[in-house]
Amino acid sequence: MSAPPSALTAPPAARRGVVAHRIGRAVASTARLLAIFVPVFLLGTFLTYLLGHLSGRSPAYLQLGDAASPQAVAAIEHKWGLDRPFLVQYGDWLGSVLHGDLGTSWYNGLSVAHALGQRAAITLSAAGVALVLGIVFGFLLGALAAHFHTRWPDRAITTFTTVISVLPPFIVGIGLAAVFAVGLQILPAAGYVPIQAGLGPWLSHLILPAIALSFDTAADVARQLRNGLVSAYRGNYVTGAIVRGLGPRRIFFVHVLRNGIAPALAVLGLKFPNLLGGAVIIEAIFGLSGYGVYASQAAVRGDVPAVQGVLVVSVVLVVVFNLLVNIVLNRVTPDADRGV
Amino acid sequence: MPSAQIPADRDAVLTLTDVRIHNDAADEELVHGVSLRLRRGGVVGIVGESGSGKSLTCKAVLGVLPEHVEVSGGSIELLGRDVGGLSRQEWTALRGTSISAVFQDPASYLNPSIRVGKQVQEVLRIKQGLSRAAAKQRAIELLEAVHLRDPEYVYEQYVHELSGGMLQRVLIAIAISLEPEVLIADEATTALDTTVQAGILDLLVELKDRIGLSLVVVSHDLAVVAQLCDEVLVMREGHVVEQGPTSAILHTPQHEYTRLLVAEHEQYGLNASATGPRPPVPTAASTAVPVPVLVPEPRSSTMPASTEPVLQVDGLGVHFGRGRGRKQALEGASLVIRPGETVGVIGESGAGKSTLARAVLGLAPVSAGSVQVAGRDITHLSGRERRAFGRDGVVQYVFQDPLRSLDPEHTVAVSVAEPLRIRGGLDRAAIDEAVRRQVRAVRLDESLLDRFPGELSGGQRQRVAIARALISSPRLLILDEPVSALDSANRVAILELLRELRSTVGVAMLFISHDLGSVAGISDRTIVLYRSRIVEAGDTAHIVNAPEHPYTRLLVGSAPTLTSGPTDRVQRERLRAGLFVS
């Protein structure tokens, strides 16, 4: 029973209303964006802080060892403000987080934000290059498979993507290092060079871990895109475009791609956390001192502020990336009206 | 009968000579020889139900046959050129400029992600090399030419923001944008509201005269084709069973199937005599559309007027949404149905027909008025009371699409038995007996009891749905577009079954349809809904023969009949202008 608003019956005033309506819609979607981001951020930070609290870890044991006297422990905990009520501590911590201060490491007393800032560049470089690789190869493979669908290139690509999607990144990483670094010796096996030292060296250190990370993303994007494109090609609007006399290239790029891309984009949103998570293992293999390594070391040590810092940064990155994906989706297929 | 050889004709824009279409994957011939000749400025019609090969024939002419399907014999000549061996580039150059097409379900033929105006503009830019600004201006002119009010507004809309009739006009605008010689309209008005359908058909006729189009009009509805065409082909199962001038097809149909198509309109359509001259227009309506005469079906049983109504609706109001998004779906609706009575509800989509039905089932948010079923007020039942009310099965519902309303995993027997099982209190043997009795009552073979819905025809499925609805002995049966998804033969048969059940079972019915023909064929009284309000109600014969409200008059004047002429078109224009619709 949803009759679309009829332009035929709308008085001329309604047309002026359309412009206002479009502006209103932009404002509303920004508001919806914040309405999603703020609660997720608050809940994420709260759970993060709660986990640290529940772990029962204390800087006192880290610094004094197991033989510490209760008085010494109490003194240190008082110094760190840990004897205050939980919610007060959380509020305090959240306030500093909002100012970009992620606290001080219990282990070495250094600023968590500073340590992460250096390492995040490494991790984000690896994950970013992996993301680009995943998108490029996923789209190429998906589009090829769709173009040749049900014929042998399609089947070959499907088999290939199935195989690479079940290979765990660390196996791929070890394999790549064995072939390209140890065997052929054309790429470094480990380490990291900042981008300031040159694009070539930077990329040569990152490319193997990035490839290892990208397999899963490339496979999933390729499969989603293939299916999206194949079903878009079945759409009547494609027949309509053919009958209007449009050429095959225009039909693919303007009409099919736009309507078949949504599932692949949605999958990207889901894959991003995997890329960040996968980086932890890959960093260990390729000797990158990214924040994955930092997080695992901090977790083993019981360095609660450091772990919390990593989690907060991850939450923000993932939520922001998903919002971006949703904004793109809304622009590409406005009829779906996902409400960001 | 199809003539295999058609002599060459300089005037012909499209000539099909014994065209055969073959499915290579299944190794099966789908179309067994179609020959036709379309003259410049002429209109040829193809009639047939789905699967008759009429759409495949069109697709062959357009060179867009599905994979593994190809023209295996005969020739198609477009503007003196055999299209058989055209390359992809040659086809691309030809389409749009020489031949174009519009189809059923216009919403699906436009890209949902691009504003419709851009899609009109796209063709002009690419095929005619117009600049962006010039193409936009031309696109708006075209939208105006197909009588879309406020073309600048329409230009900026997305597909989901426009109605089906408006979208079909947009598609027609695109189709004529490069001024092709031939336009194929393949079921272009099917599933549109009657008044909208008439508007689109009127537009096609107007464009034909104004820009010199030659038309191929394809429909399952003989009346649609008869209104427009000089020559008609009747197709069935890939064969042309009859072919000739329209008047000959209508007056002296030779083939049994053609006779059925004509009979359907005589019986349930509005013109009492399609073959004879139009009966004199009754009284008093000099400005009114000349109305066809309905001969009301004589009722065998007369119901006592004093009995308690099965359904009483008083001042019913329903709205959805809140604030500025609030939409009134029904306003001040009142109606009464007495035992054994059949009341038809007619109106365009969005008029509130289904909302009324849902309110009677207690499924719509009623904001005003009341609904009483068999003396019980069901307007504001609690969830528990509503479930108990549903279990009793006092009101039953039959949907438009039986394939979707029947569980595909349940056999016919299981589906039909369901209402009894939900109510409980009967053992397996009793249920089984009741199911068999009910299945016989709807004239289904008992051997079908173990079949699944997917294995049945559309007509059989709708019989199953009716059997399921009737098995709990309801007081009221709501039929929501029960024959709209069926082809002619099944539509006739299901309406016949309903008329039979009305007298044998004596159940009261609320019959909802957008098609005046089927409402007129079954209802004692008819209610006309227009923009959420009941604008006219009364005896069906009276509504059909002497409609009063302008919308009803437009509706009656728009119903496809076998004998409407150009004067109707002028009168429809006038009524549309009065109602602000196009």
**OP:** Answer yes or no: is there a side-chain heavy-atom contact under 4.5 Å between B:Leu356 and B:Ile512?
**Re:** no

**OP:** Quick one: do B:Glu161 and B:Glu156 satisfy side-chain contact (heavy atoms from CB on, under 4.5 Å)? Show the steps, please.
**Re:** CA-CA 10 Å; B:Glu161 293 169 320; B:Glu156 297 293 335; over 6 Å; no

Original post:
Just by distance, with hydrogens left out, do A:Arg226 and A:Thr161 show a side-chain donor and acceptor under 3.5 Å apart?
Top reply: no

Subject >> Residues, nucleotides or ligands: over 12 heavy atoms within 6.0 Å of A:Arg258 CZ >> reply: yes

Original post:
Closest heavy-atom contact between B:Leu183 and B:Leu213?
Top reply: CD2-CD1, 3.9 Å

Original post:
Do side-chain atoms of B:Ser532 reach the backbone of B:Gly352 as a donor and acceptor pair under 3.5 angstrom?
Top reply: no

Subject >> Interface moiety of B:Glu67 toward chain A, non-hydrogen atoms closer than 4.5 Å >> reply: side chain

Original post:
Would a 4.5 Å heavy-atom cut-off, applied to side chains only, mark A:Ser165 and A:Arg223 as touching?
Top reply: yes

Subject >> Distance-only side-chain donor-acceptor flag, B:Ser354 / B:Asp480, under 3.5 Å >> reply: yes

Subject >> Greatest number of heavy atom pairs closer than 4.5 Å to chain A - which of B:Leu62, B:Val123, B:Leu110 >> reply: B:Leu110

Original post:
Which members of residues 132-156 of chain A, sorted by number, sit under 4.5 angstrom from chain B on a heavy-atom basis?
Top reply: A:His149

Subject >> Interchain contact, B:Ala101 with chain A, by part (heavy-atom threshold 4.5 Å) >> reply: both

Original post:
Counting only heavy atoms not in A:Phe37, do more than 12 fall under 6.0 Å of its CZ?
Top reply: yes

Original post:
Which heavy atom in A:Phe253 sits nearest to a heavy atom in A:Leu257, and how many Å separate them?
Top reply: O-CB, 3.8 Å

Original post:
Which bit of B:Leu94 is near chain A, if near means a heavy-atom gap under 4.5 Å: side chain, backbone, both or neither?
Top reply: neither

Original post:
For the candidates B:Gly96, B:Ser113, B:Ser177, which exhibits the highest count of non-hydrogen atom pairs separated by less than 4.5 Å from chain A?
Top reply: B:Ser113

Original post:
By a 4.5 Å heavy-atom criterion (distance strictly below it), what part of B:Leu178 contacts chain A: side chain, backbone, both, or neither?
Top reply: side chain

**OP:** Under 4.5 Å, heavy atom to heavy atom: which of residues 232-251 of chain A reach chain B? Give them by number, or say none.
**Re:** A:Asn236, A:Tyr237, A:Thr239, A:Gly240, A:Ile242, A:Val243, A:Arg244, A:Gly245, A:Leu246, A:Gly247, A:Pro248, A:Arg250

**OP:** State whether the number of non-hydrogen atoms from other residues, nucleotides or ligands found under 6.0 Å of B:Glu90 atom CD is greater than 12.
**Re:** yes

Original post:
With A:Val319, which of A:Leu317, A:Val315, A:Asn322 fulfils side chain to side chain contact (heavy atoms under 4.5 Å, CB included)?
Top reply: A:Val315

